[in-house]
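All residue numbers in this chain count up from 1 along the given sequence.
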Amino acid sequence: MEENLSLFSSSDVERYINDYAIPWGINIAMAIVIYVIGRIVVGFILSLFRRLMAKSKYDAMLVDFLEAIISAILMLFVIVASLNQLGVDTTSLVAILGAAGLAIGLSLQDSLKNFAAGVMLLVFKPFKSGDFVEAGGTAGTINKISIFTTTMTTPDNKEIIVPNGGIYSNNITNYSAKETRRVDMVVGIGYDADLRKAKEILNEMVRADERILSEPAPTVAVSELADSSVNFVVRPWCKASDFWGVKFDFTEQVKLRFDQEGISIPFPQMDVHLHKTDSE
């Protein structure tokens with residue numbers, strides 16, 4: 001033991017401390033300081049980000065997701081800076097992370113498309129939870145908008161999960177965006193029916209329904225002289241929530257009222273004429 005100790009002179013120990021121990025100790029201390037200060041700065045930036053997002057009233061899920069991404073990116077910079085202080089070659093590490101990110105991006109193209117579309121839907125908000133929309137090849141009430149998919153409930157109570165990419169890349173019809181809607185109906189009467197009387201009855205029915213708005217003014221007009229009927233367009237305005245009630249009730253009342261007033265509603269039919277020739 002004494003022989004082994006004698007191999008290291010006091011000058012060797014001093015040189016080892018000066019050349020290795022002190023520089024490494026300083027680098028480790030500096031790396032720790034960089035990491036700690038970096039964590040504090042990242043926390044401050046995230047706090048500022050949350051305050052800004054709270055004022056902008058963006059969707060909470062989008063804010064949480066963006067906060068997680070920003071936190072991961074900033075902490076990656078902090079870790080790289082700390083490792084660089086320790087003398088670790090971070091160039092190769094960054095290259096490996098970049099290559100891995102590229103490979104993951106190529107393998108998840110559809111998912112990234114849905115993610116990008118989800119972000120756009122949450123930022124621009126073409127619809128919100130509770131709206132009845134037609135989008136992505138289907139129609140229903142919006143239940144939930146997530147980063148990758150949107151969940152809808154159809155009128156017959158089926159749940160449909162639609163990828164956001166299919167929604168944002170096509171037309172979106174939001175039936176709940178406006179407070180009022182126009183109900184478009186077509187009513188046909190026979191050619192032998194009293195046209196003026198039928199029009200007056202339709203106008204009277206429109207005025208009698210309290211759900212139908214006076215402004216914008218409803219329209220009742222002859223639109224077509226069809227093959228077997230004279231067609232009226234009846235276009236009243238109502239609250240969006242009353243749309244189907246007005247449409248169904250008015251259609252039923254038209255049939256009952258026209259039957260009562262003796263106004264015929266034609267149906268498709270064919271007249272067959274037989275001609276007898278002399279040879280017969």
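Side-chain contact between L121 and P126: present, with at least one pair of heavy atoms (C-beta onward) separated by less than 4.5 Å. By the 4.5 Å heavy-atom criterion applied to side chains, V133 and T173 are not counted as neighbours. Proximity of V162 to T149: side-chain heavy atoms (C-beta onward) are nowhere separated by under 4.5 Å. When side chains are defined from C-beta on, F250 counts as touching V234, because their heavy atoms get closer than 4.5 Å. Side chains of V42 and V78 form a contact here, defined as non-hydrogen atoms less than 4.5 Å apart. Contact annotation: the side chain of M152 never approaches that of E159 to less than 4.5 Å [non-hydrogen atoms, C-beta and beyond]. Within the 4.5 Å cutoff, the side chain of I263 has heavy atoms near those of the I201 side chain. The closest side-chain heavy-atom distance from K128 to I142 is not below 4.5 Å.
When each of V233, V186, N231 is paired with E224, the side chain to side chain contact (heavy atoms under 4.5 Å, CB included) condition holds for N231 and for no other.
Rounding to the nearest 0.5 Å gives a distance of 10.0 Å between CD1 of I37 and OG of S82. Distance check, rounded to the nearest 0.5 Å: CG of L46 to OG of S71 gives 5.0 Å. With rounding to the nearest 0.5 Å, the separation of OG in S264 from CD1 in I189 is 7.5 Å. In this structure, CE on M185 lies 11.5 Å from CZ on F248, to the nearest 0.5 angstrom. L213 CG to W237 CH2: the interatomic distance, rounded to the nearest 0.5 Å, is 9.5 Å.
By the ring-ring contact (aromatic ring centres under 6.0 Å, His included) test, F148 pairs with no residue at all, sequence neighbours left out. In this view, E200 and R207 satisfy the salt bridge (charged side-chain N to carboxylate O under 4.0 Å, His left out) rule, not counting sequence neighbours.
Side-chain N or O atoms of T150 include none that pairs as donor or acceptor with a backbone N or O of N164 at under 3.5 Å. Of the possible donor and acceptor atoms, one in the side chain of S169 sits under 3.5 Å from a partner among the backbone N and O of G165. Checking side-chain atoms of T154 against main-chain N and O of K158 turns up a donor-acceptor pair under 3.5 Å. Listed for the D131 side chain is no donor-acceptor partner under 3.5 Å among the backbone atoms of F127. Checking side-chain atoms of N143 against main-chain N and O of T151 turns up no donor-acceptor pair under 3.5 Å.
Under the 4.5 Å side-chain heavy-atom criterion for ILVMFWY residues, a single connected hydrophobic cluster contains both I212 and F232. I79 and V41 end up in the same hydrophobic cluster when Ile, Leu, Val, Met, Phe, Trp and Tyr side chains are linked at under 4.5 Å. Transitive grouping of hydrophobic side chains (ILVMFWY, heavy atoms separated by less than 4.5 Å) keeps I45 and I34 in distinct clusters. The hydrophobic cluster containing L195 also contains I265, counting ILVMFWY residues as joined when their side-chain heavy atoms lie under 4.5 angstrom apart, directly or transitively. Clustering ILVMFWY residues whenever any of their side-chain heavy atoms sit less than 4.5 angstrom apart, transitively, puts V220 in a cluster other than the one holding L256.
Summarising the local packing, CZ of R39 is surrounded by 12 or fewer heavy atoms from other residues, nucleotides or ligands at distances under 6.0 Å.
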Original post:
So M205 and R257, side-chain contact (heavy atoms from CB on, under 4.5 Å) or not? Walk me through it.
Top reply: CA-CA 9 Å; M205 292 177 62; R257 184 68 183 277; 4.1 Å; yes
**OP:** Just do the side-chain contact (heavy atoms from CB on, under 4.5 Å) check on V183 and C238 with the steps written out, would you?
**Re:** CA-CA 8 Å; V183 185; C238 64; 3.8 Å; yes
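Looking at D242 and K239, no side-chain N of the basic residue comes within less than 4.0 Å of a carboxylate O on the acidic one, giving no salt bridge. Salt bridge K247/D184: absent, no basic N to carboxylate O contact under 4.0 Å.
For the residue pair G166 and N170, the shortest heavy atom distance occurs at O-ND2, 2.8 Å. The shortest non-hydrogen separation linking S176 to G130 is OG-O, 4.5 Å.
Screening residues 167-225 for ring pair (Phe, Tyr, Trp, His ring centres under 6.0 Å) gives F132-Y175 as the qualifying pairs, with residues at least two apart or on separate chains.
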